[in-house]
2 protein chains.
Amino acid sequence: METMTAVMQEGTFPSVSSPSVTAPADKAADHGDHSACRAVNDVLSRVGDKWSMRVVMNLDRGPMRFNELRRAIDSISQRMLTRTLRGLERDGLVSRTVTPSVPPRVDYALTPLGQSLREPVQALGDWAMANRAAVEDARTTFDAGCDE
Amino acid sequence: METMTAVMQEGTFPSVSSPSVTAPADKAADHGDHSACRAVNDVLSRVGDKWSMRVVMNLDRGPMRFNELRRAIDSISQRMLTRTLRGLERDGLVSRTVTPSVPPRVDYALTPLGQSLREPVQALGDWAMANRAAVEDARTTFDAGCDE
DNA sequence: CGGGATCCCTAGCGATACTG
DNA sequence: CAGTATCGCTAGGGATCCCG
C-alpha cells in the first residue's frame with residue numbers, strides 16, 4: 001500500500017484577511033492554523049493531480065463503468081485510472097458499485113461530496129479559461145526576454 | 001508550452017507534461033473542448049504544485065524579498081523557492097523587481113493576474129475547510145474496511 | 001543578499017503481462 | 001470486464017557548495 005497524498009506540516013492558507021498591502025517588516029512567519037493548512041494542501045494535491053479532475057468531470061454526467069471511463073479519458077493508462085479511482089473513493093468523492101454478474105460490472109459515480117467539489121473546481125476552470133490567453137502571453141514574453 | 005524547451009537546462013519547471021493532444025482530428029476523445037481541458041489542466045498543475053500557492057498566499061500581504069519569503073514559508077528549500085518564483089513569474093502571476101543596491105535587493109509581488117487567481121483558489125480552500133472532516137472520515141472508513 | 005550549479009533520492013506515471 | 005503486479009523512466013524536490 002502507499003500514501004497517495006503527501007501530507008505536510010505547516011503553512012498558511014485560508015483566512016488571509018490581512019490586507020496590509022503596504023506594511024511589510026512585521027512578522028514574516030505564518031500564523032499557525034496547521035490543520036487548516038493541511039486540509040487545503042490536501043485538496044490541492046487531489047485537484048492538482050493529473051487525472052483526478054478529469055475523472056470527476058466525466059463522472060459528472062452520470063455513473064460510468066471502468067472501461068467506459070477509460071475510453072472517455074482516452075490517454076489515461078489503466079493503471080492510473082485504477083489508482084485515481086481508488087484515491088477518489090478513499091476520499092469519499094467517488095462511489096464504487098460492484099454488480100456480480102457474469103461479466104463483472106463495476107460502476108463509478110460521484111458522491112454528493114464529489115459533486116460539491118465540482119463547483120469550486122469549476123470556478124478555477126473558469127479562471128483558467130478567462131486568463132489562459134494572458135498566461136500564455138506572459139509565458140511567451142518571458143521566454144523571449146530570457147533567451148534574447 | 002511547446003517553446004519551453006531551450007529556456008532551462010535542468011528541466012523546465014511546472015506545466016503539464018503532455019495534455020494528450022496527440023493530433024488526430026476526430027477520435028472522439030473527451031467531450032469536445034480540448035483547449036478548455038488543456039487550460040484547466042494547466043492552471044490545475046500550477047495550483048496543485050507543492051509550493052506555488054503558498055507563495056501566492058504569502059505575497060498577498062504585500063511585496064516580499066527572497067529570504068523574507070523563504071523564512072515565511074520556512075520549510076521550502078532555496079532551490080524550490082527560486083524555481084517556484086520563476087514559474088509564477090513566467091506565468092505572469094508574480095512580478096520581480098530588482099533594486100541594484102549594495103546588497104542587491106529583489107522584491108517579489110503579486111501581479112493583478114496573480115491576485116485574481118486568489119479568489120477561485122480561496123473558494124477551493126473554503127471547500128477544503130468545510131469538508132475536510134468528511135474527507136478524513138471517508139479515509140478512515142476506507143482504510144479500516146480495506147485492512148480489516 | 002539573491003540565486004545558479006551539482007548530486008542524488010523518491011514519487012509519479014506509463015507500458016506490459018498476468019489473474020478472477 | 002475489471003483489476004493486480006512488476007519494471008523502468010523521468011520529473012519533482014531536498015541538500016550543499018559557490019559566485020556576483
Over all heavy atoms of both residues, which pair between [X] and [Y] is shortest? Give the atoms and the distance, please.
{"X": "A:T111", "Y": "A:S95", "answer": "CG2-N, 3.7 Å"}
{"X": "A:F66", "Y": "A:L81", "answer": "O-CD2, 3.6 Å"}
{"X": "A:W51", "Y": "A:T84", "answer": "CB-OG1, 3.6 Å"}

*asked:* Rounded at 0.5 Å granularity, tell me how far CG in A:N131 sits from CG in B:D91.
replied: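 These two atoms lie 11.0 Å from each other.
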_For the CD atom of A:E119 and the CH2 atom of B:W127, what is their distance to the nearest 0.5 Å?_
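Separation between the atoms: 10.5 Å.
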Listed nucleotide nearest any side-chain atom of [X], set [options]:
{"X": "A:Y108", "options": "D:dC1, D:dG3, C:dC13", "value": "D:dG3"}
{"X": "B:S77", "options": "D:dC1, D:dG3, D:dG14", "value": "D:dG14"}
{"X": "B:R96", "options": "C:dC13, C:dC1, C:dG2", "value": "C:dG2"}

What integer distance in Å separates [X]:[atom1] from [N]:[atom2]?
{"X": "A:L85", "N": "D:dA2", "atom1": "CG", "atom2": "P", "result": "11 Å"}
{"X": "B:I76", "N": "D:dA15", "atom1": "CD1", "atom2": "P", "result": "12 Å"}
{"X": "B:I73", "N": "D:dG13", "atom1": "CD1", "atom2": "P", "result": "13 Å"}
{"X": "B:L81", "N": "D:dT16", "atom1": "CG", "atom2": "C1'", "result": "17 Å"}
{"X": "A:D49", "N": "D:dG12", "atom1": "CG", "atom2": "P", "result": "14 Å"}
{"X": "B:W51", "N": "D:dG13", "atom1": "CH2", "atom2": "C1'", "result": "9 Å"}
{"X": "B:R83", "N": "D:dG12", "atom1": "CZ", "atom2": "P", "result": "7 Å"}
{"X": "B:E68", "N": "C:dG3", "atom1": "CD", "atom2": "C1'", "result": "17 Å"}

Expected rows: protein N/O vs nucleotides 4-7 of chain D N/O, under 3.5 Å:
residue	atom	partner	partner atom	Å
D:dT4	OP1	A:R86	NH2	3.3
D:dT4	O4	A:Q78	NE2	2.1
D:dT6	O4	A:R79	NH1	3.1

_I'd like to know if B:D42 and A:R139 make a salt bridge, using a cut-off of under 4.0 Å between side-chain N and carboxylate O._
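Yes, this pair counts.
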*A:R65 side chain near D:dC1 phosphate (N/O to OP1/OP2, under 4.0 Å)*: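 For D:dC1, neither OP1 nor OP2 has a side-chain N or O of A:R65 closer than 4.0 Å.
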*Could you tell me whether the phosphate oxygens of C:dG14, OP1 or OP2, come under 4.0 Å of any side-chain nitrogen or oxygen in A:K50?*
yes
*Can A:L113 be reached from B:L124 by stepping across I, L, V, M, F, W or Y side chains whose heavy atoms are under 4.5 Å apart?*
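Same hydrophobic cluster.
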*Using a 4.5 Å cut-off on heavy atoms from C-beta on, say whether the side chain of B:V94 contacts that of B:L59.*
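The answer is yes; the side chains approach within 4.5 Å.
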*Indicate yes or no: at least one non-hydrogen side-chain atom of A:R118 is less than 4.5 angstrom from one of A:L110.*
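Yes, close enough: below the 4.5 Å cut-off.
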*asked:* Could you write out DNA chain D as dot-bracket? Rules: Watson-Crick or G-U wobble, both distances under 3.5 Å, brackets [ ] for crossings, | for pairs with another strand, dot for unpaired.
replied: ||||||||||||||||||||
